Student: 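Provided herewith is a single structure, encoded as structure tokens, for subsequent inquiry.
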Amino acid sequence: MPQTKPIVSIENVVASASVDQKMDLNEITRNFPDVEYHPDQFPGLVFRLKSPKTATLIFTSGKMVCTGAKSEEMARSAVKSVVQKLRKGGIKVKKDAVVDIQNIVASINLGGKIHLEQAARTLPRSMYEPEQFPGLIHRMLDPKTVILLFSSGKLVCTGAKKEPDVYRSVNNLHSLLEEKNLMIYD
Amino acid sequence: RLRTWDSRSQVHEPVDRNFRQAFSELDRLKDKLALSDAVIEKTAYIYRKALDKGLVRGRSIPGLVAAALYAACRNTETPRTLTDVANGINIKRKDVARCYRLLLRELDLKMPVVDPIKGVARIASIADLSEKTKRKALEFLKEASRIEVSAGKDPMGLAAAALYLACVMLGENKTQKDIAQAAGVTEVTIRNRYKGLKEALKL
DNA sequence: ACTTTACTTTCGAAAGC
DNA sequence: GCTTTAAAAAGTAAAGT
């Protein structure tokens with residue numbers, strides 16, 4: 001059993017969504033002065049919400065990408081909120097959006113320091129290049145996530161599609177680090 | 001010499017053309033970066049593996065040659081930075097780094113962790129530092145890695161700071177700027193690492 | 001020297017070059 | 001591969017006071 005309970009904080013959730021109908025991005029731009037739309041630069045229109053603080057990309061296909069939410073639920077409600085605002089702003093949207101969570105990013109504190117160099121030698125599928133980045137990059141197979149490890153004992157987990165996968169990844173790694181005596185607790 | 005290359009150099013199939021093209025690039029680098037035959041040999045070996053795995057498709061040959069060369073340097077503990085290699089072939093460091101990561105992932109290469117000690121000699125010779133200072137810096141770095149103050153830090157920044165610390169301790173008059181330039185890091189980095197080393201080594 | 005801003009790494013989707 | 005979005009980790013860098 002791990003000696004400490006990791007503190008996990010979900011920092012960002014990326015969700016894709018679709019209202020299954022063509023959208024007129026120029027019309028949205030006219031009705032919503034705050035949106036950003038530069039088709040030369042990028043095909044998506046940026047629709048920002050103050051709360052939850054998110055940015056939703058809207059494409060002419062009716063597909064969307066919502067980023068910045070702090071939870072799966074928050075991402076779903078952000079998309080609902082965007083569709084609601086579009087309707088209030090005179091944009092016809094027939095169906096409600098179908099939302100899929102695509103990625104969850106979390107920061108973690110294991111509560112003890114990590115022997116980074118030794119971890120680099122013992123963890124499979126890992127890369128440690130301090131000349132390029134201070135963290136050790138580890139690819140976990142199940143759940144399929146990528147975890148960045150820092151000597152401070154803090155981590156970043158990304159690639160998960162479900163919140164439980166974040167916790168499973170962290171617990172798997174935490175156990176592995178303790179098994180191999182790569183943790184330092186004070 | 002360069003058997004990997006010579007063994008097929010007579011045959012004119014596309015793969016060998018690619019290989020020949022890639023290595024005309026490498027010949028220029030050998031002198032520019034003062035590389036040993038062993039490193040060139042290893043580069044050829046790694047590049048051949050990448051070629052066999054089809055990693056070269058749609059990617060820039062110079063980028064992969066640079067990445068294979070950097071991998072060979074790392075593998076043989078030859079102290080050359082990513083920046084050295086990138087500047088040598090005149091490609092962006094970021095592109096070489098991306099190709100290098102690709103090689104590590106796809107070829108399952110395991111590299112030794114860079115030891116800051118490997119950078120001391122070069123910085124010392126460019127900055128014209130004494131043998132005594134060099135020895136002292138080596139001591140500092142050994143102790144630093146033992147107590148893990150080096151984790152996550154740029155090896156060149158650590159080596160530069162250790163040399164600067166040794167200069168201060170032994171009274172060799174060298175500015176942070178001199179050493180920073182020789183190491184290819186900023187004075188700010190030397191200052192930060194210097195501070196960290198002094199505290200960690202209780203000096 | 002100090003602060004602020006910004007860039008490095010990881011991830012995924014979107015449409016199109 | 002690139003373009004755009006957001007977010008954390010810790011290190012390095014550059015600019016402004």
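The sequence lines fix the lettering, A, B, ..., with proteins before strands; numbering per chain opens at 1. The structure displayed is predicted, hence computed values, not measured ones.
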Student: Please indicate yes or no: is the ring centre of Phe42(A) less than 5.5 Å from the centre of the six-membered base ring of dT3(D), with the two planes inclined by under 30 degrees?
Tutor: no
Student: Provide the distance between the two P atoms, one in dT3(C) and one in dA7(D), to the nearest whole Å.
Tutor: 24 Å
Student: So, is Thr186(B) close to the dT12(D) phosphate, meaning a side-chain N or O under 4.0 Å from OP1 or OP2?
Tutor: no
Student: Is any side-chain heavy atom of Phe42(A) closer than 4.5 Å to one of Phe59(A)?
Tutor: yes
Student: Would you classify Ser61(A) as touching base, sugar-phosphate or nothing, given that sugar-phosphate means primed atoms plus P, OP1 and OP2, and contacts are heavy atoms under 4.0 Å?
Tutor: sugar-phosphate
Student: Side chain of Pro43(A), heavy atoms from C-beta onward: which of dT5(D), dT3(D), dA9(D) has the nearest atom to it?
Tutor: dT3(D)
Student: For a side chain to side chain contact (heavy atoms under 4.5 Å, CB included) check, start with the C-alpha distance between Glu199(B) and Tyr194(B), then their side-chain angles and the critical distance, and finish with the verdict.
Tutor: CA-CA 9 Å; Glu199(B) 285 173 20; Tyr194(B) 168 79; over 6 Å; no
Student: Whether Arg87(A) and Asp96(A) form a salt bridge (side-chain N of Lys/Arg under 4.0 Å from carboxylate O of Asp/Glu) is what I want to check.
Tutor: yes
Student: dT10(C), dT4(D), dA13(D): which one has an atom nearest the side-chain heavy atoms of Ile137(A)?
Tutor: dT10(C)
Student: Could you tell me how far dT8(C) sits from dC2(D) if I compare only their P atoms? Round to whole Å.
Tutor: 11 Å
Student: Sticking with atom C1', work out how far dC2(C) lies from dA9(D), rounded to a whole angstrom.
Tutor: 23 Å
Student: Just wondering, do Ile114(A) and Met183(A) contact through their side chains at under 4.5 Å, heavy atoms?
Tutor: yes
Student: Base, sugar-phosphate, or nothing: which does Gly44(A) touch, judged by heavy atoms less than 4.0 Å apart?
Tutor: nothing
Student: Kindly point out which of dA13(D), dA6(D), dA9(D) is positioned nearest to the side chain of Ser152(A)?
Tutor: dA9(D)
Student: Enumerate the residues from residues 91-124 of chain B whose closest heavy atom to DNA chain D is under 4.0 Å, giving them by residue number; use none for an empty result.
Tutor: Arg98(B)
Student: Base, sugar-phosphate alone, or nothing: which one does Val13(A) contact when heavy atoms must sit under 4.0 Å apart?
Tutor: nothing
Student: Charged N to carboxylate O below 4.0 Å: is that the case for Glu143(B) and Arg146(B)?
Tutor: yes
Student: Between Asp142(A) and Arg168(A), does at least one N-O distance fall below 4.0 Å, as a salt bridge requires?
Tutor: yes
Student: Can you work out whether Val156(A) or Thr189(B) has the more 5'-proximal nearest nucleotide on DNA chain D?
Tutor: Val156(A)
Student: Looking at every strand, decide which applies to Val146(A) at a 4.0 Å heavy-atom threshold: base, sugar-phosphate, or nothing.
Tutor: sugar-phosphate
Student: Can you tell me how far P in dG1(D) sits from the matching atom in dT9(C), rounded to whole Å?
Tutor: 13 Å
Student: Is the NZ atom of Lys118(B) crowded by more than 12 outside heavy atoms at less than 6.0 Å?
Tutor: no
Student: Report which part of the nucleic acid Arg48(A) touches: base, sugar-phosphate, or nothing (heavy-atom distance under 4.0 Å, all strands).
Tutor: sugar-phosphate
Student: What is the pairing partner of dA7(D), taking Watson-Crick or G-U wobble pairs with both distances under 3.5 Å in any strand?
Tutor: none
